[in-house]
**Student:** 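Please find one structure pasted underneath; my questions will follow.
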Amino acid sequence: MGESWFHREILSPRRLIFNVLFYGLQIFFFAYGWHSQATNQKLAALNALTWSVWTSRGAGLALAFNGGLILLPMLRNIIRVIRPRLAWLFPADENIWFHRQVAYSMAFWSMVHTTAHYVNFYNVERTQVRPEIALDIHYTQAGGITGHFMLFIMVLMYTTAHHKIRNQCFEAFWYTHHLAFFFMIGLYAHATGCFVRDSPDPAYQAQFPFYNTDHCLGYESWRFTIWPGIIYFGERVWREIRARRATRLSKVLVHPSGAMELRIIKPSFKYVAGQWLFIQVPDLSGFQWHPFTITSAPDDPYVSIHIRQVGDWTQALGDRVGAGPSVVAQLTQAAMKGTEKDDSVYGTRGDFVELDTNAASRPLPVVRIDGPYGAPAEDVFKVEVAVLIGAGIGVTPFASILKHIWYQQRKGHLGSLKRVEFFWVCRDAPSFGWFQTLLQEVEAAQADPNFLRINIYLTQKIGEDMLWNIAVNDAGAEYDPLTLLRTRTMFGRPDWKAIYGRMGQAIEMGQYLPGTNAQLKTKVGTYFCGPSVLAKAIKEACVANCSKNVEFSFAKEHF
Amino acid sequence: MGNLIWHEYARYVSLTATSYTIWAAFFGLFFRKYFFDFVGGIVRSPGGIQPSPSASFIVAIIVKAPVVQILSMLLGFVLLALEIPAPFLKNTAIQRSFIVKIMLLLVQFVFAILYYQGTNGAIYSLVAVCCYTRAMMLGEIPKEAKDNRGRGGKA
């Protein structure tokens, strides 16, 4: 962690632009709201309340701005469509981060707005500019009721959205966050009480919007902020319709490492490599959607996902399809400990078991899938050299990408892609047995040994037994004893600076890509999926090794 | 499904409720009003509600002198020190006890419901009390706090 938190979070160029724009706009809306209230002659009576009413109106406008923004980053389908075009403009994959920033601003302005209103209503009662008492405004008028209601919803939503709670019990977060529906209704209805008016009594009317805009002088901000809400609602309905299209779970394969592979057939489902989907199994829960990375390539006749039985939902799913946790959990635990390696060190470990659907007492469950949703790895074919780095479980999207590259290679549609370097950094290789199966297939299919290079780094501490195992089995064997690949496993953490440095040099000298002209600029794209500490190290290595002939770019994926 | 650890959740609610109450009590120092003054009170223009004479004692400790607000604020800081927790309270029996927190939150509820600004803080405190009670019923035990070992990745 070389640079300070302040430098990283506030001053890095893109962040600085964002901060200036985002917080600048917040302050602008606050100032404009304040000014337009303070200078409005029609609202002279209200302005007798002085600073508190100006503050509440300014904060109210800032809140309306945030209320319009909060749903935008959640429009997943729209983001997926526009992201290839607008990836240069904003990081479309940071949508959750942006959602959080808006939420933080919202909490702040709510505090300001509510505090100011408590003062306002106190003074309304004291001076009797309107014939009502403070508690009337708080608890009998639309503005007060919706306001207190929204605050309460915010308490529930913010507390359950804490990352600790989300990790413990995703359902608590997931269900509570759907209170947003009522929150948004509260937001759009907040001004219907006509608090901001030039008449002593609210000027209601029978037609929409049920108050007379000649006398009710609010910002009418709902006219703008309601659109993201309508679009979001439409998108949820559309997702529901799409999820109901014909879907069939055709096969369940159980891999020796304990992962289940579900092969799903859904003709209407179109995707590209590296994307992910939501899956729902109504037998287990009619509401829950769980995200998984797609592990099949678009050319496969099915959509596959690999599921490890680690949480309750995945275990219940295993039970339901007849690969019960007792069966698979044993396999998983054995694989985690690495004992499996000893049993089958002389054979390939790639054999999986297909569940016999006829013998099972129940047919396979109905599944519904929703997606696909984005990921930056779609751009692999635009660069000459693709460096794919997966760390730990972050390796899953690359299953699809490697398969896809393999299909394209067979068809001869590689675009400008000349070479692929695949890095897999993991702590305990045996737990990813299913992935090795796939790597084996891909490796075995390589005609040109230079096209795809697989580098596996094992970072766990190695015990004495394992050391002997490696020493004895590795010498002269055709396959690596740990991964059963032709590629040797490397131990310890990779030195990214050296790796990129060597790659850069090799490209410049023309050794790396035969036939490339030194005058042409070579593009090397790095696609990474894994923890952010590692991402930072790799990004630094990329930036440090850029030269005039070689351009290293970096993209990170999110779950 | 999933396994919600209630006392960890209750902590976040309690922190929210307590921060809200401290802020409300601070404003209560300047805009003093007894929440239940509408019971038997009469509205005068200007002047607002004049509480009924039977409430004169409570009006004395909220409006004439902001005793309740000050107490509520002090209690709020005590609760914050328990919940964050402050370094000198870490891993003490008081800090780990749900009963102590529930009692203090109930007292906070009583204080906060009395003055005009405290209503929401009082309601959120009650929610926190419910969550802590649930944690107690499930027999949860707070995890031993870790020593100050620094953050992961930072030496």
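Just so it is clear: chains get the letters A, B, ... in the order the sequence lines come, proteins before strands, and each one is counted from 1.
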**Student:** Nearest 0.5 Å please: distance from the OH atom of B:Y124 over to the OG1 atom of A:T159.
**Tutor:** 10.5 Å
**Student:** Could you give the distance from OH (B:Y9) to NZ (A:K164), rounded to the nearest 0.5 Å?
**Tutor:** 14.5 Å
**Student:** Please say whether more than 12 non-hydrogen atoms of neighbouring residues, nucleotides or ligands are located less than 6.0 Å from CD1 in B:I141.
**Tutor:**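 Open.
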**Student:** Could you give the distance from CZ (B:R11) to CD1 (A:I165), rounded to the nearest 0.5 Å?
**Tutor:** 9.5 Å
**Student:** So for A:F152, is it side chain, backbone, both, or neither that comes closer than 4.5 Å to the heavy atoms of chain B?
**Tutor:**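 Backbone plus side chain of A:F152, per the 4.5 Å heavy-atom cut-off to chain B.
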**Student:** Under 4.5 Å from any heavy atom of chain A, what part of B:V13 do you find: side chain, backbone, both or neither?
**Tutor:** both
**Student:** For A:Y175, does the OH atom have more than 12 heavy-atom neighbours from other residues, nucleotides or ligands under 6.0 Å away?
**Tutor:** yes
**Student:** Roughly how far, to the nearest 0.5 Å, is the OG1 atom of A:T115 from the CZ atom of B:F26?
**Tutor:** 10.5 Å
**Student:** Heavy-atom cut-off 4.5 Å, strictly under: side chain, backbone, both or neither for B:F31 against chain A?
**Tutor:**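 Both parts, heavy atoms under 4.5 Å.
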**Student:** When rounded to the nearest 0.5 angstrom, what distance separates CG in A:L151 from CD1 in B:I123?
**Tutor:** 10.0 Å
**Student:** Under 4.5 Å heavy-atom distance to chain B, tell me which part of A:T160 shows up: side chain, backbone, both or neither.
**Tutor:**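 For A:T160, the contact with chain B is made by backbone and side chain together.
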**Student:** At what distance, to the nearest 0.5 angstrom, does OH of B:Y116 lie from CD of A:E125?
**Tutor:** 7.5 Å
**Student:** Between A:Y122 and B:R32, is there a donor-acceptor pair closer than 3.5 Å when you use the side chain of the first and the backbone of the second?
**Tutor:**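 Judged by distance alone, yes, a pair lies under 3.5 Å.
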**Student:** Which atoms of A:Y139 are under 4.5 Å from chain B, going by heavy atoms: the side chain, the backbone, both sets, or neither?
**Tutor:** side chain
